[in-house]
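Counting from 1, the numbers follow the sequence of the chain as shown. The structure presented is a predicted model; accordingly, all values stated were derived computationally and were not measured.
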Amino acid sequence: MTTLVTGATGNTGRHVVTELLRRGEPVRALTRDPIAAAKTLPAEVELVAGTHHEPATLGTALDGADRLHITVTTGLAEVGPELVQRAVAAGVRRITLVWGGWVGPVEQAVADSGVEWTRLEPQEFMSNTLTWAESIRSEGVVREPYDFPSALVHEADIGAVAAVALLDDGHAGHAYNLTGPEALTSRERIALLSRTIHRDLTFEPITHEQAVDRLMATGVSRADAEYVIGWYAAPTDSSTTVDDTVERVIGRPARTFAQWVAEHAGRFTI
């Protein structure tokens, strides 16, 4: 029984790998750069070169895999259905999927695949806070257009839920809304960061368009930038309301933002 994890060095994929290994399961990690991945992933992981954006090249990666974890990333909508089709044809019988924010072509292909599937629908990742790191280090300032509460979820909890759904029965056909244990505004997160790194930090509002332009400057398309900033402008109830799904699935409370900050505090200091 082998699990193929796509996006194995990404925000959530690496935590899926860690959780599967912790439970004694063999893991095959799909990565564009196995040499670089070997420096960050445990030695027990079987590294396979490739990308889920090119399904036709994944024959070796899928060989003998009966479980598959997919993270929906930019550009996967066009090829994701083919990936799912090839995986099922190769013998995959259980799939977990971290959605792309809505039920698109990949999510629908998994639901229609005929095999056991679980869709993970995390709300905002706590790791999004890292986008503040540079301005905090250089200026002690965070600039955002909105200050609504967000029920941020720790990436490791997403990985833990994925591992449970991949290995344990009873999760097939479920779509799990994943949040952390509290909803925090940007100002509240900044205050917690300030106390942790022992530095006064300031929140400065910017306009919606400034936020879109800033995101586009990183290489994101205008459509994607508008979608992301629009999500912050009009958050849904599911993104602002705490949900206990993480605790129910993995049997322990979801990690707090304070725990995440303690793990990453060094990235916000000079």
Checklist line | Closest non-hydrogen atom pair, V115 against V92 | finding: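 That closest heavy-atom pairing would be CG1-O, 3.6 Å.
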Check: If you look at every heavy atom in A37 and L47, which pair is closest and at what distance?
Finding: CB-CD2, 4.1 Å
Check: How are the rings of H171 and Y176 set relative to one another: parallel (under 30°), tilted (30 to 60°) or perpendicular (over 60°)?
Finding: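 The rings of H171 and Y176 stand perpendicular, inter-plane angle above 60°.
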Donor-acceptor pair, [X] side chain versus [Y] backbone, under 3.5 Å?
{"X": "S135", "Y": "V141", "answer": "yes"}
{"X": "H52", "Y": "V79", "answer": "no"}
{"X": "R222", "Y": "M216", "answer": "no"}
{"X": "E107", "Y": "G104", "answer": "yes"}
{"X": "R143", "Y": "A211", "answer": "no"}
{"X": "S194", "Y": "I190", "answer": "no"}

Notebook entry, point to check: Taking atom CD of Q210 as the centre, does the number of heavy atoms from other residues, nucleotides or ligands within less than 6.0 Å exceed 12?
Noted result: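 Counting neighbours around CD of Q210, more than 12 heavy atoms of other residues, nucleotides or ligands fall under 6.0 Å, so yes.
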Check: Taking everything shown except D237 itself, do over 12 heavy atoms lie less than 6.0 Å from its CG?
Finding: no
Notebook entry, point to check: Taking 4.0 angstrom as the limit, do E144 and R187 come out as a salt bridge?
Noted result: no
Item checked: Carboxylate-amine/guanidinium proximity below 4.0 Å for D168 and R94 ->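 No, this pair does not count.
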Check: Distance only, no hydrogens: is a donor on one side chain within 3.5 Å (strictly under) of an acceptor on the other, for E155 and W260?
Finding: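 Yes - a donor-acceptor pair under 3.5 Å links their side chains.
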Note to self: Under 3.5 Å, is there a donor on one side chain and an acceptor on the other for T129 and R189?
What the structure shows: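 A donor-acceptor contact under 3.5 Å links the two side chains.
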Notebook entry, point to check: Going through the distances and angles, do I158 and H15 end up as a side chain to side chain contact (heavy atoms under 4.5 Å, CB included)?
Noted result: CA-CA 8 Å; I158 301 171; H15 291 293; over 6 Å; no
Next item on the list: Mind running side-chain hydrogen bond (donor to acceptor under 3.5 Å, both in side chains) on E124 and W231 for me, showing each step along the way?
Entry: CA-CA 10 Å; E124 184 175 7; W231 184 88; over 6 Å; no
Notebook entry, point to check: Yes or no on salt bridge (Lys or Arg N to Asp or Glu O under 4.0 Å) for R22 and E19, after CA distance, side-chain angles and deciding distance?
Noted result: CA-CA 5 Å; R22 188 181 65 81; E19 283 295 320; 3.0 Å; yes
Note to self: Once rounded to the nearest 0.5 Å, what's the spacing between atom OG1 of T12 and atom CG of L178?
What the structure shows: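 So the OG1 of T12 and the CG of L178 are separated by 10.5 Å.
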Check: Roughly how far, to the nearest 0.5 Å, is OG1 of T179 from CG of D244?
Finding: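 One gets 8.0 Å once the value is rounded to the nearest 0.5 Å.
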Check: In a check of side chain to side chain contact (heavy atoms under 4.5 Å, CB included) between P145 and each of I206, V212, T207, which one passes?
Finding: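 Exactly one pass, corresponding to I206.
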Checklist line | Criterion side-chain hydrogen bond (donor to acceptor under 3.5 Å, both in side chains) on H264 and S127, from CA distance to verdict | finding: CA-CA 9 Å; H264 298 277; S127 62; over 6 Å; no
Item checked: CA sep, side-chain torsions, deciding dist, call: T236, S238, side-chain hydrogen bond (donor to acceptor under 3.5 Å, both in side chains) -> CA-CA 5 Å; T236 62; S238 58; 3.0 Å; yes
Next item on the list: Using the side-chain hydrogen bond (donor to acceptor under 3.5 Å, both in side chains) rule, take H208 and Y232 through it: C-alpha gap first, then chi angles, then the decisive distance, then the call.
Entry: CA-CA 10 Å; H208 180 102; Y232 287 108; over 6 Å; no
Notebook entry, point to check: Shared ILVMFWY cluster between L152 and I136, side chains joined below 4.5 angstrom?
Noted result: yes
Item checked: Intermediate values then yes/no, side chain to side chain contact (heavy atoms under 4.5 Å, CB included), F268 and L201 -> CA-CA 11 Å; F268 296 90; L201 303 175; over 6 Å; no
